[in-house]
Amino acid sequence: MEDRPINQSLSLIDTNSVPAEDKSVLHVWGRASLSGHVKISGAKNSALAIMAGALLCPEDCLLRNVPSLLDIERMSQILSVLGIKIKRQGDNLEIDARTPDDSQAPYELVSQLRASFFVIGPLLTRLGVARVPLPGGCAIGARPVDLHVRGLQAMGAEVQIDHGVVHAYVSGSGGRKLKGAKIYLDFPSVGATETLIMAATLAEGETTIENAAQEPEVVDLANFCRAMGAKIRGAGTNTIIISGVPSLHSVDYSIIPDRIETGTFLVAGAITNSEITLSPVVPYHLTAVIAKLREIGTQVIVEEPNCLRIVPDTLRATDIETSPYPGFPTDMQAPFMALLAQSEGDCIITETVFENRLRHVAELNRMGADIRVKGNNAVIRGVPILSGAPVLATDLRASAALVLAGLAAEGKTAIRGLHHLDRGYENLEAKLQQLGAKLQRVQDEEEVEETVQVQDHDQVLPK
Ligand code: EPZ
């Protein structure tokens, strides 16, 4: 990707131009075997938090291994509105947050990218004021921000919510600085933990966050802040202690590999009964996912220094219950359901993190799966094989699940709602094609030549 200021690039990839109803369709021809190696991109959820964290720094920051995704473009656009200069150079972002202003982040952008709410912590601790629209709910749940707000209030912020905008400010008496506090999170919220870590880096005194989220992306943000000179201990445990410092300095920082993209490709290997390798990866970021893949009969081999190899065998049913890290990640629930839909036997997937994250069940059932939803449980009866069908993606990870199901199904699957996919997976189609998958994205009105059935049931794309 050529060097250009992000603002200019946005005019080329203006996220507002993404049609509300994305008109493209992804056709997937199933039953193709995969082979080879796939490169894992930088972690979306780490990059988004760290981009917000760059607001803390009055000097240039260089972020490396930043994936090219719709969500990253949207976060860049929001930071630009806040006076931040961003320049993309290939996989790197140069961020100049010397003069952030206290503009209000625009609702139409915040409502499309929940992670943009994370700017509230850095803005408040750096400027003493922040005005950020409530992100609102999304397909998977109400997504409140009460834990973020209550934590900031504990640190001395005055917070009012007026016409859907969170107005936070630090009253002049304390020199407009947040104060260190002891904060207990009712739930180990990733976003709230990240907001409060960032707010505490420049606060006066020490902040303790109890029942903190332990996700690798939280640790990556903490490591980024420490590289800028922040004093943070305990990231990755349920108790994080931050001692405020007067200011931070520039940093050159590389984002960790995306563990959810890694898990998605491991499932792609398992669901197509294909042996593939993936790197770079951090194996211990996927302990729960690897354990479950082994439980169903798949070999997952760690090859030094940072590579995984998957060697499928049986597909035995096994129960899954999502929970905060180090538990089974909620973001892998939908991709794993596509796999278990074809397993030998019955199993239950329980979603405990989000209240409405089973909407992909109906679409998988259109493909011949036998899944019943009972509350936050999906009761799965494994079927021998799924069948291709037209389906609609309802959220980011559901769209990945439908692609995976399409790779395994008999016949062709046509997936709509691809703007969800483009938010979180960098070059997913190209990476799958390079492994031998048969898929093609076309505009809705375009005709797609039917594939030619050949002897070995392999199917070839139209020329
Ligand atoms: C982050 O969302 C991720 N997004 C999500 O990934 C991920 O699924 C989630 O963490 C859980 O791991 C980013 O990092 C950008 P939470 P976040 O706060 O921070 C409730 C993906 O597909 N809650 O840990 O919003 C909340 O409603 C996305 O890449 C409150 O009640 O997740 C939810 O039920 C999807 N009050 C639960 O906690 C709050 O103030 C977990 O939310 C905050 C959260």
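In each ligand, atom 1 is the first atom listed, and ligand 1 is the first ligand listed.
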Please determine whether any non-hydrogen atom of [X] lies less than 4.0 Å from an atom of ligand 1.
| X | result |
| --- | --- |
| His420 | no |
| Lys44 | yes |
| Pro144 | yes |

Does the side chain of [Y] come within less than 4.5 Å of [X]'s, by heavy atoms?
| X | Y | answer |
| --- | --- | --- |
| Asn65 | Ser254 | yes |
| Val289 | Pro329 | yes |
| Val302 | Leu308 | yes |
| Asn223 | Tyr253 | yes |

Answer yes or no: is there an ion pair linking [X] with [Y], defined by an N-O contact shorter than 4.0 Å?
| X | Y | answer |
| --- | --- | --- |
| Lys44 | Asp331 | no |
| Glu206 | Arg233 | yes |
| Lys85 | Glu94 | no |

Suppose I only count heavy atoms of [X] and a 4.0 Å limit; which atoms of ligand 1 are within that range?
| X | answer |
| --- | --- |
| Arg114 | 25 (O) |
| Gly191 | 18 (O), 19 (O) |
| Leu147 | 36 (N), 39 (C), 40 (O) |
| Ala115 | 15 (C) |
| His148 | 40 (O) |
| Arg357 | 8 (O), 22 (O), 35 (C) |
| Val145 | 39 (C), 40 (O) |

Options Thr193, Asp331, Asp71, Leu396, ranked by nearest heavy atom to atom 5 (C) of ligand 1, top entry: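 That would be Asp331.
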Single hit among Thr330, Asn377, Val373 for side-chain contact (heavy atoms from CB on, under 4.5 Å) with Glu351: Thr330
Phe118, any N or O under 3.5 Å of ligand 1 N or O: no
Nitrogen or oxygen atoms of Phe187 and ligand 1 under 3.5 Å apart: no
Residue and atom name of the nearest protein heavy atom (relative to [atom]), distance in Å to one decimal:
| atom | result |
| --- | --- |
| atom 34 (O) of ligand 1 | Val353 O, 2.6 Å |
| atom 2 (O) of ligand 1 | Arg143 NH2, 3.5 Å |
| atom 32 (O) of ligand 1 | Phe354 CZ, 4.0 Å |
| atom 3 (C) of ligand 1 | Asn45 ND2, 3.6 Å |
| atom 18 (O) of ligand 1 | Ser189 OG, 2.7 Å |
| atom 12 (O) of ligand 1 | Val190 CG2, 3.9 Å |
| atom 22 (O) of ligand 1 | Arg397 NE, 3.0 Å |
| atom 36 (N) of ligand 1 | Asp146 OD1, 2.7 Å |

Check: Asp319 side chain, Ile348 main-chain N or O, donor-acceptor pair, under 3.5 Å: yes
Polar contact flag, side-chain donor to acceptor under 3.5 angstrom, His420-Thr394: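 No.
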Donor + acceptor pair across side chains of Thr322, Gln333 (<3.5 Å):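 The criterion, which ignores hydrogens and geometry beyond distance, is not satisfied for Gln333 and Thr322.
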Non-hydrogen protein atom less than 4.0 angstrom from atom 20 (C) of ligand 1: no
Crowding at NZ, Lys182 (>12 non-hydrogen neighbours, <6.0 Å): no
Heavy-atom neighbours of Tyr284 OH exceed 12 at 6.0 Å: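 Counting other residues, nucleotides and ligands, OH of Tyr284 stays at 12 neighbours or fewer.
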Location of contacts on Thr330 toward ligand 1, heavy atoms closer than 4.0 Å: side chain
